[in-house]
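Everything on this sheet refers to the single structure shown next.
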Number of protein chains: 2
Amino acid sequence: MTSKRPTLAQRSLPMRPFSESVPMALLRTREAVMRLFRPGLRSRGVTEQQWRILRALAHQGPLEVTELAEATFLLAPSLSRILPDLEKRRLISRRPVKADLRRSVVSLEAQGLRLIGEHAPYSEQMYARIAQRFGTEKLEQLLQLLHELETSLEALAGELDRRPAGAGQRKGSP
Amino acid sequence: MTSKRPTLAQRSLPMRPFSESVPMALLRTREAVMRLFRPGLRSRGVTEQQWRILRALAHQGPLEVTELAEATFLLAPSLSRILPDLEKRRLISRRPVKADLRRSVVSLEAQGLRLIGEHAPYSEQMYARIAQRFGTEKLEQLLQLLHELETSLEALAGELDRRPAGAGQRKGSP
DNA sequence: ACTGATTAATTATGATGTTAAGTATCTAAC
DNA sequence: GTTAGATACTTAACATCATAATTAATCAGT
């Protein structure tokens, strides 16, 4: 980045350089990854979030809404808006749980399955390119560090919160 | 995650397990980091995106809007919506560039500087906790890998795009 | 001096993120 | 049998994301 004359703020606020790095680096890297996948999704008329839903259902079978929120890392209010559209397009279906009418089960429908089948080769091609370019070993190392950081931050958050860990809107995976 | 009976999709679509990992791991880790900082920002009435703007101006001095978009990794249309509000709250100010009336320079105002000063100790405390819990060396290793992945993916995207790298909406840092 | 191409920023639009509040349902305690 | 508290999901409201289109201004070529 362009080096500029130190501002008053810079002189009086010695915030650590890395302080801005971690969230920004994660955001930038994620955008760089998604940039490769987004065109394929767009050409099939699904957003990244919709894809995550279809993908989770394909991978794990029918899920309840709270399970789907966790699997896709989407917030419940977001799911409540996304699911009706996917249902309308007959990519998924929903049915209430007889034992508890508050809950409902979301399933992948044939058209959703077909869409996944169509996108899978594109997706795999991108992953193969990423692995080739960056290195499978380094990817695994990165994933390991990300997982460890997430785990340690959740422990930290649990200590700082007054509420029990996981009581917030978006729950981490147990 | 709960292990379920393999679905038809699972049997017919052998998508790699890690294929869903990288974007999701980045997203989850970022959320785990932001979870520590968000309460402090909320208590000062600024969103994460607004904070990034103030932080970038404090760190680098006055910036033009395109530079600010790059420094904050925010999209230009988003900036066009956020900046007027920050200006109204007298946290920043804007003035046109005389040499090119299409452009304008954004500067931090005294109230913006004060807000940063108030938030800085909270922020630093969190970073210190993160470094202590996760390890400074591992953090640096993670940042290194993230940077390398981002760089290699931008090279890959450049090869795949018909347009020159960086022609898209959100430009990576040169 | 004029014009087509390009650039900077804004606006439109639809989607999702995020928090708070609401509705329907369930459960444990009495 | 009743009720307070909890849970699952939805809706409201506001913010930002993401893409496309628009407006205003600049610039290179003629």
Side-chain angles (χ1 to χ4, degrees), chain A residues 23 27-28 30-32 34-35 37-39 41-53 63-70 72-89 94-106 163-164 166-171, chain B residues 23 27-28 30-31 34-35 37-39 41-43 45-53 63-70 72-89 94-106 163-164 166-171:
Chain A
L27 187 67
R28 300 177 71 96
R30 182 169 202 279
E31 176 57 26
M34 289 313 304
R35 193 175 158 196
F37 293 93
R38 203 169 283 137
L41 292 175
R42 272 183 61 72
S43 71
R44 293 177 221 294
V46 292
T47 66
E48 178 203 337
Q49 287 78 5
Q50 291 167 349
W51 173 252
R52 273 155 59 190
I53 291 169
L63 294 170
E64 294 192 13
V65 175
T66 47
E67 292 173 328
L68 190 54
E70 190 169 321
T72 57
F73 212 62
L74 289 168
L75 294 160
S78 301
L79 271 183
S80 290
R81 274 188 309 223
I82 299 172
L83 290 177
D85 178 57
L86 294 179
E87 190 170 25
K88 193 171 160 190
R89 289 162 66 186
R94 289 192 286 179
R95 70 176 188 277
V97 173
K98 286 196 176 66
D100 188 340
L101 296 182
R102 293 173 297 175
R103 295 149 56 196
S104 53
V105 168
V106 186
R163 297 173 296 180
Q169 294 277 347
R170 177 184 261 150
K171 294 183 181 177
Chain B
L27 187 68
R28 301 178 70 96
R30 183 169 201 279
E31 176 59 26
M34 289 314 304
R35 193 175 158 196
F37 293 93
R38 204 169 282 138
L41 292 175
R42 271 183 61 73
S43 71
V46 293
T47 66
E48 179 202 335
Q49 286 77 4
Q50 291 167 347
W51 173 251
R52 273 155 57 189
I53 291 169
L63 294 169
E64 293 193 14
V65 175
T66 47
E67 293 173 328
L68 189 54
E70 190 170 319
T72 56
F73 213 61
L74 289 167
L75 295 160
S78 300
L79 272 182
S80 289
R81 297 187 74 83
I82 298 170
L83 290 177
D85 178 57
L86 294 180
E87 191 170 26
K88 191 170 159 191
R89 291 162 65 185
R94 290 192 285 179
R95 71 176 187 278
V97 173
K98 286 197 177 68
D100 188 341
L101 296 181
R102 293 174 297 175
R103 295 148 59 195
S104 55
V105 169
V106 186
R163 295 173 296 178
Q169 295 275 346
R170 175 184 264 150
K171 294 183 183 178

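Every chain is numbered from 1 and lettered A, B, ... according to where its sequence line falls, protein lines coming before strand lines.
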Rounding to an integer number of Å, can you tell me how far B:I82 CD1 sits from C:dT11 P? 14 Å
Would you find more than 12 non-hydrogen atoms of other residues, nucleotides or ligands less than 6.0 Å from B:R81 atom CZ? no
Along DNA chain C (nearest heavy atom to each residue), the more 5'-positioned of B:R42 and A:E48: A:E48
Protein-nucleotide distance (B:R28, atom CZ; C:dG17, atom P), rounded to Å: 14 Å
Which nucleotide in the set C:dC26, D:dC9, D:dC17 lies at the smallest distance from any side-chain heavy atom of B:L75? D:dC17
In Å and rounded to the nearest 0.5 Å, what is the CZ to CG distance from B:R30 to A:L27? 4.5 Å
Base, sugar-phosphate alone, or nothing: which one does A:R81 contact when heavy atoms must sit under 4.0 Å apart? base
Between C1' of C:dT16 and CE of A:M34, the distance in whole Å: 13 Å
Phosphate contact (D:dA18 OP1 or OP2) by A:R38 side-chain N/O below 4.0 Å: yes
What's the closest nucleotide to the A:R94 side chain, out of C:dT19, C:dC26, D:dT10? D:dT10
How close or far is atom P of D:dT10 from atom CG of A:L74, stated in whole angstroms? 13 Å
Is the shortest side-chain heavy-atom distance between B:Q49 and B:I53 below 4.5 Å? no
Side chain of B:L101, heavy atoms from C-beta onward: which of D:dA25, D:dC17, D:dA8 has the nearest atom to it? D:dA25
Minimum side-chain heavy-atom gap B:R38-B:E31 below 4.5 Å: yes
Atom CG of B:L83 and atom C1' of C:dA9 are separated, to the nearest Å, by 10 Å
Note: for B:K98 and B:D85 on DNA chain D, the residue whose nearest nucleotide lies more 5' is B:D85
Find the distance A:Q49:CD to C:dA15:P and express it as a whole number of Å. 11 Å
Looking at every strand, decide which applies to B:Q50 at a 4.0 Å heavy-atom threshold: base, sugar-phosphate, or nothing. sugar-phosphate
For the side chain of A:T47, starting at C-beta, report the closest nucleotide among D:dT16, C:dA9, C:dT16. C:dT16
Report which part of the nucleic acid B:L79 touches: base, sugar-phosphate, or nothing (heavy-atom distance under 4.0 Å, all strands). nothing
Using a cut-off of strictly less than 4.0 Å, decide whether B:S78 has a side-chain nitrogen or oxygen near OP1 or OP2 of D:dA15. no
Among C:dT11, C:dA20, C:dA15, which nucleotide has an atom closest to any side-chain atom of B:S80? C:dT11
Let me know the distance between CZ of B:R103 and P of C:dT7, rounded to the nearest Å. 13 Å
Would you mind reporting whether A:I82 and A:R52 have side-chain heavy atoms less than 4.5 Å apart? no
I need the CZ-C1' distance between B:R102 and C:dA8, as an integer number of Å. 6 Å
